[in-house]
Amino acid sequence: MSSEQNNQPRQILVTSALPYANGSIHIGHMLEHIQTDIWTRFQKLRGHQCISVCADDTHGTPIMLRAQKEGVTPEDFIAATREEHLKDFEDFLVEYDNYHSTHSEENRELSELIYNRLNDAGHIAKRTISQLFDPEKEMFLPDRFVKGECPKCGSEDQYGDNCDNCGATYSPTELKNPKSAVSGATPINKDSEHYFFKLTNFESMLKTWTRDGHVQEQIANKLDEWFEAGLQEWDISRDAPYFGFEIPGAPGKYFYVWVDAPIGYMASFKNLCDKRDDLNFDDYWNADSAAEVHHFIGKDIVYFHTLFWPAMLHGSGFRKPTKVHAHGFLTVNGTKMSKSKGTFVKARTYLNHLDPEYLRYYFMAKLTSKVDDFDLNLEDFVARINSDLVNKYINIASRVASFIGKKFDGRLADDVADHPLIKEAQGAAETIAEFYENKQYGRAIREIMSIADKANKYVDSEEPWVKIKDETTAPQVQVVSTVCLNVFKILTIYLKPAIPAMAEKVEAFLNVEPLQWSDISEVLQGRTVNKFKPMVQRIDPKKLEAMIEEGKEEAAAASAPQLADPLKEEIEFSDFDKIDLRVVKIVKAEHVEGAEKLLKLQLDLDGVTKQVFAGIKSAYAPEDLQGKLTVMVANLKPRKMRFGVSEGMVLAAGPGGKDLWILNPDEGAQPGMRVK
RNA sequence: GAUAAUGUAGCUCAAUCGGGUAGAGCAACUGACUCAUAAUCAGUGGGUUGUCGGUUCGAUUCCGACCAUAAUCACCA
C-alpha cells in the first residue's frame, strides 16, 4: 500500500482506564478494553511501534476496608485481584504489553516527583477543612461511608451525598442521625489540614488544549460547561489511615487515589521500559516528545482525564495526552445492566459460556467515535455474529475450499493478481484504515462486509458448481476459487484486530505467515492451501440463555445476607457425626508454668477424666472455671504438647484475647452426656 | 432542579462540515440455486424521521415548547 509506506512508523502509547481492584471485571469494562485492544492491534498490524499498558487501580478507602473485612493485608488483597483481572483480559484476547499496579515503586516515585514539581512551582495550597470523622475507627469518612436520615424527606438509611428516595442532595454533615457505615458509631466533625491542587492556575492552558483536537467534540462541549461553572481547587490529600502513598514532607497525609491512578499509566510504562531495551521512558513522556499518548476512558471519568491530568502533567514538565477517547456506558437490551435481570455479566461468566471473539466482533461492529452509550442487544448479537461472521465472511472460504481441495489438490491458480474483485478489496484499505484510526469501527465493518457481499455474489454469478462438471470450463473454477480466497485473505487482515484467534486459524488454512497490513497487496497464487476447517461456530442462543441464568444466580447469591466470617464448606451429616461432643465438668483448672496462653484443665465425663490444655488464659482465671460445666470435643486424637498430652478441646467463641467465651450447657445437663 | 445529549422501518444503525423527494444490514414475504456451518443470490413489502408549533419555495437536518430515555452536575472532582 503506497500511502502508508510513505508514513513514518509512529510511536504510540495506549492505555485503558485502570480497573479498580475492589471488584471483578464485567462486560462493561470489556467494552473499553476490547476497543482499546482493537485499536492497538490495528496500529501494530500497520507496523507502528504501539505499546498498550494498563494496571490495577489499588488505593483508597474502599480497598482498605475491604481487605480489613476479609482479614488480609491490602497488599495481598490487591495482588489476588490483579491476577483475576489479568486472567480475564487475557482470556478475552486483550493483549497488554504490560499490566502493572498503582501500588508499585515506579508509581510511588513518579507520584512524588510530580507532586514535588507541582509544589515547587506553587501549584499546591493547604487549608483546613472540617469533615465527618468516625471516633471509633479513628478515620475520616468519605461521603459514601456515612448513612443517616435524609434531611428533606426523612428516609432512613441514605448515603451522605444524596437521597435515593427524594433525590435531594446535601452534605453529609446535614444528615440526621448520621452513622458511620464502617463502625456504626456516630460521626463527629473534625478539622484537618488538606492539600489542594490549584487547578485554576491552568485554566487558560486547558481552555486551549481542550479545543485543540485532543478530545471529542461532545466532550469539548461538556468541558465548556465546566469552565463556565468555574474550576475549583482539587483536594488531593487524605488522612491516615489510608491505603496509598504518603505525601512527601507531610506525615500522615496520603495522596487521594485519583492523584496516583493516572500516574499509574506512566508507572506501568516505566516498568515495561525497565524490562525492554527498545523503549525509553523519556522518549514518550518528555514535554517535547514526538510520540503519541492515547487514553481510552469511560465518560464518567472525563473530568479527571481532561482537566486534572493534563494540568498535572503540564505543571510538572511532562507532555500532555495526544488524545483522550471517551466512550459511553454499556447497556443490555436497552437498559442499564441489572443484577436481578442477569444482565450484569461478569467477564468470567461470559467466558464460561461463549467465545470471546463473538463479543469482540459485536463491539467492533457497532462502535462509533462518539460518546453515546453502547447497547448490547442480545437478539441482535446472535443475528449479527451468525450472519456477518459465519454466513458471509467465513462462508466465502467455506464454499470454494472444497473445489480447491478436491479438484485441484489444494493448489491455487496463477495470474489472478489483476482480477477486479481483488483490486476492489485491496482498494478499500485506506478507507478502512482511516475508520480504524478514527475509531469509527462500525463504519469499517460496513465497508468490510460489503466486500464480503460482493464476493458471495461473485461466486453465485460464476456458478463454479456447474462449471466443475464440464471439462472445458472446469479450470475456471480454480480461478474463481483463488480469487475468492484472496478476497477472504484481505478480509481477514481487515478483521484481524477484532478477531485475532480466528485470523490465526485462517492463516493456518491459507498456509501463510501471520498476516500484516502490508500483505493486503500480496496476492496468493500458484501455491497450496491446507484443508479447510470451520473457524467459528454459530452462536447457540441456549448458551446465551445459560449465561444470563448464571448472572441471575450470581446476583441472588450476592444479595443474600453475607457473614463477615463466611461459612466453611458444607459437610455431610456423617462428617458431623464423627465428632463426639460431651458435656464435662471442669474439676480442676490451673496455670501452666512457662505457657503464655494455656490453662491446664481436668475434665470429668462422669467418671472418666480427661486432661486438656486450653488457650483461654487471656480470658479466664483458673478459679473462675472450677466446678463449671462446659462442652468438649472428646474423641479428638490426643496431641502431645510441650507441657503434656492434651486429650481434647473445649469449645469457646470469640475473636480472642479477653473476648473469649466458653460454652455452658443449660441447667440440667450432666457430665458425660453426648451433645448432638 | 440545572446542563448538554439522545429519540429515524419489527431489531441494530446510516444519512457528506451550516436544509432539497429518507438508506443499509438483520428479521418477514416471493422466487432462484445447491459449491458452502439451510448458507448464498434476485426481488417485494415496511418509516407523515418522539409530539406540537415556527423560519423557509422546501426540514430528519435550523429555532421554540412539550413528552420519553439514559447521563452529568448541584463543592467527589
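By convention in this document, chain letters (A, B, ...) are assigned in the order of the sequence lines, proteins followed by strands, and residues within each chain are numbered from 1.
- Picking from B:U37, B:C26, B:C35 the nucleotide with the shortest atom distance to the side chain of A:V536 gives B:U37.
- Using a 30° and 60° split on the angle between ring planes, A:F532 and A:F509 fall in the perpendicular class, above 60°.
- B:G1 and B:U61: their P atoms are spaced 26 Å apart (whole Å).
- Which of B:C13, B:A36, B:C41 sits closest to the side chain of A:K457 comes down to B:C41.
- For A:D373, the side-chain atoms get nearest to B:A70 when compared with the rest of B:A70, B:U37, B:C26.
- Atom OH of residue A:Y494 and atom CD1 of residue A:I448 lie 8.0 Å apart, to the nearest 0.5 angstrom.
- Going from atom CG of A:N333 over to atom P of B:U69 covers 18 Å, rounded to whole Å.
- Heavy atoms of A:V477 sit nowhere under 4.0 angstrom from any nucleic acid atom.
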Short heteroatom pairs, N/O only, protein and nucleotides 4-10 of chain B, under 3.5 Å:
from : atom 1 : to     : atom 2 : distance (Å)
B:A4 : O4'    : A:E225 : OE2    : 2.8

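- Residue contacts shown for A:N386 are absent, as no nucleic acid heavy atom lies under 4.0 Å away.
- Nucleic acid contact for A:T368: sugar-phosphate only, since backbone atoms but no base atoms lie under 4.0 Å from a heavy atom of the residue.
- Taking the centre and axis of the six-membered ring of A:F140, the NZ or CZ atom of A:R238 falls outside the cone set by 45° and 6.0 Å.
- Taking atom CG of A:L307 as the reference point, atom P of B:C75 lies 18 Å away to the nearest angstrom.
- What separates CZ of A:R384 from C1' of B:C11 is a distance of 11 Å, to the nearest Å.
- The side chain of A:W465 lies closest to B:U34 when the candidates are B:C41, B:C13, B:U34.
- Paired runs in RNA chain B that reach 3 or more consecutive Watson-Crick or G-U pairs, where each pair keeps both distances under 3.5 Å, cover B:1-3 with B:71-73, B:5-7 with B:67-69, B:10-13 with B:23-26, B:28-32 with B:40-44, B:50-54 with B:62-66.
- For the pair A:Y458 OH and B:A42 P, the computed distance is 16 Å after rounding to whole Å.
- Residue contacts shown for A:F381 are absent, as no nucleic acid heavy atom lies under 4.0 Å away.
- One N or O on the side chain of A:E32 and one on the backbone of A:G298 form a donor-acceptor pair closer than 3.5 Å.
- Within the nucleic acid shown, A:D300 has no heavy atom closer than 4.0 Å to any nucleic acid atom.
- For A:R443, taking side-chain heavy atoms from C-beta onward, the closest of the listed nucleotides B:A71, B:C11, B:A14 is B:A14.
- Checked options A:H327, A:H305, A:H29, A:H325; the residue passing with A:F296 is A:H325 (criterion: ring pair (Phe, Tyr, Trp, His ring centres under 6.0 Å)).
- A close approach under 4.0 Å does occur between a side-chain nitrogen or oxygen of A:K336 and OP1 or OP2 of B:A71.
- The separation between A:F196 atom CZ and B:C76 atom C1' is 12 Å, rounded to whole Å.
- Across all strands shown, A:V400 has no heavy atoms under 4.0 Å from either base or sugar-phosphate atoms.
- Which of B:G25, B:C13, B:U37 sits closest to the side chain of A:R446 comes down to B:C13.
- Nucleic acid contact for A:P534: base, since at least one base atom lies under 4.0 Å from a heavy atom of the residue.
- The existence of a salt bridge linking A:R443 and A:E447 is excluded, since no basic side-chain nitrogen approaches an acidic carboxylate oxygen closer than 4.0 Å.
- OP1 or OP2 of B:C13 has at least one side-chain nitrogen or oxygen of A:K366 nearer than 4.0 Å.
- Relative to the side chain of A:N377, the nucleotides B:C35, B:C11, B:U40 differ in distance, and B:C11 lies closest.
- Only the C1' atoms considered, B:C67 is 7 Å distant from B:U51, to the nearest whole Å.
- If you check every strand for non-hydrogen atoms under 4.0 Å, A:I394 touches a base.
- Atom C1' of B:A71 sits at a distance of 24 Å from the matching atom of B:A14, rounded to the whole Å.
- Counting only distance, with no hydrogens or angles, the side chain of A:S316 and the backbone of A:I114 share no donor-acceptor pair below 3.5 Å.
- If you check B:A71, B:C13, B:U37 against the side chain of A:F329, the one that comes closest is B:A71.
- A cation-pi arrangement, defined by a distance under 6.0 Å to the six-membered ring centre and an angle within 45 degrees of its axis, is absent between A:K253 and A:Y195.
- Side-chain atoms of A:N395 and base atoms of B:A39 include no donor and acceptor less than 3.5 Å apart.
- Around the NZ atom of A:K323, the shell of radius 6.0 Å holds no more than 12 heavy atoms that belong to other residues, nucleotides or ligands.
- Atom NZ in A:K370 sits about 11 Å away from atom C1' in B:C13, given to the nearest Å.
- Distance, A:R538 CZ to B:A36 C1': 10 Å, rounded to whole Å.
- Both A:K406 and A:D375 lie near RNA chain B, and the one whose nearest nucleotide falls closer to the 5' end is A:D375.
- In this view, A:R399 and A:N395, A:N456, A:V459, A:D460, A:W465 satisfy the side chain to side chain contact (heavy atoms under 4.5 Å, CB included) rule, not counting sequence neighbours.
- Using atom C1' as the reference point in both B:G10 and B:A28, the two lie 9 Å apart (nearest Å).
- Both tests do not hold together for A:K336 against A:F329: distance to the six-membered ring centre under 6.0 Å, angle to the ring axis within 45°.
- Rounded to a whole angstrom, the distance from the C1' atom of B:C76 to that of B:U12 is 36 Å.
- As a whole-Å value, the separation of A:W226 CH2 from B:A71 C1' is 11 Å.
- For the pair A:E246 (side chain) and A:G252 (backbone), a donor-acceptor distance under 3.5 Å is present.
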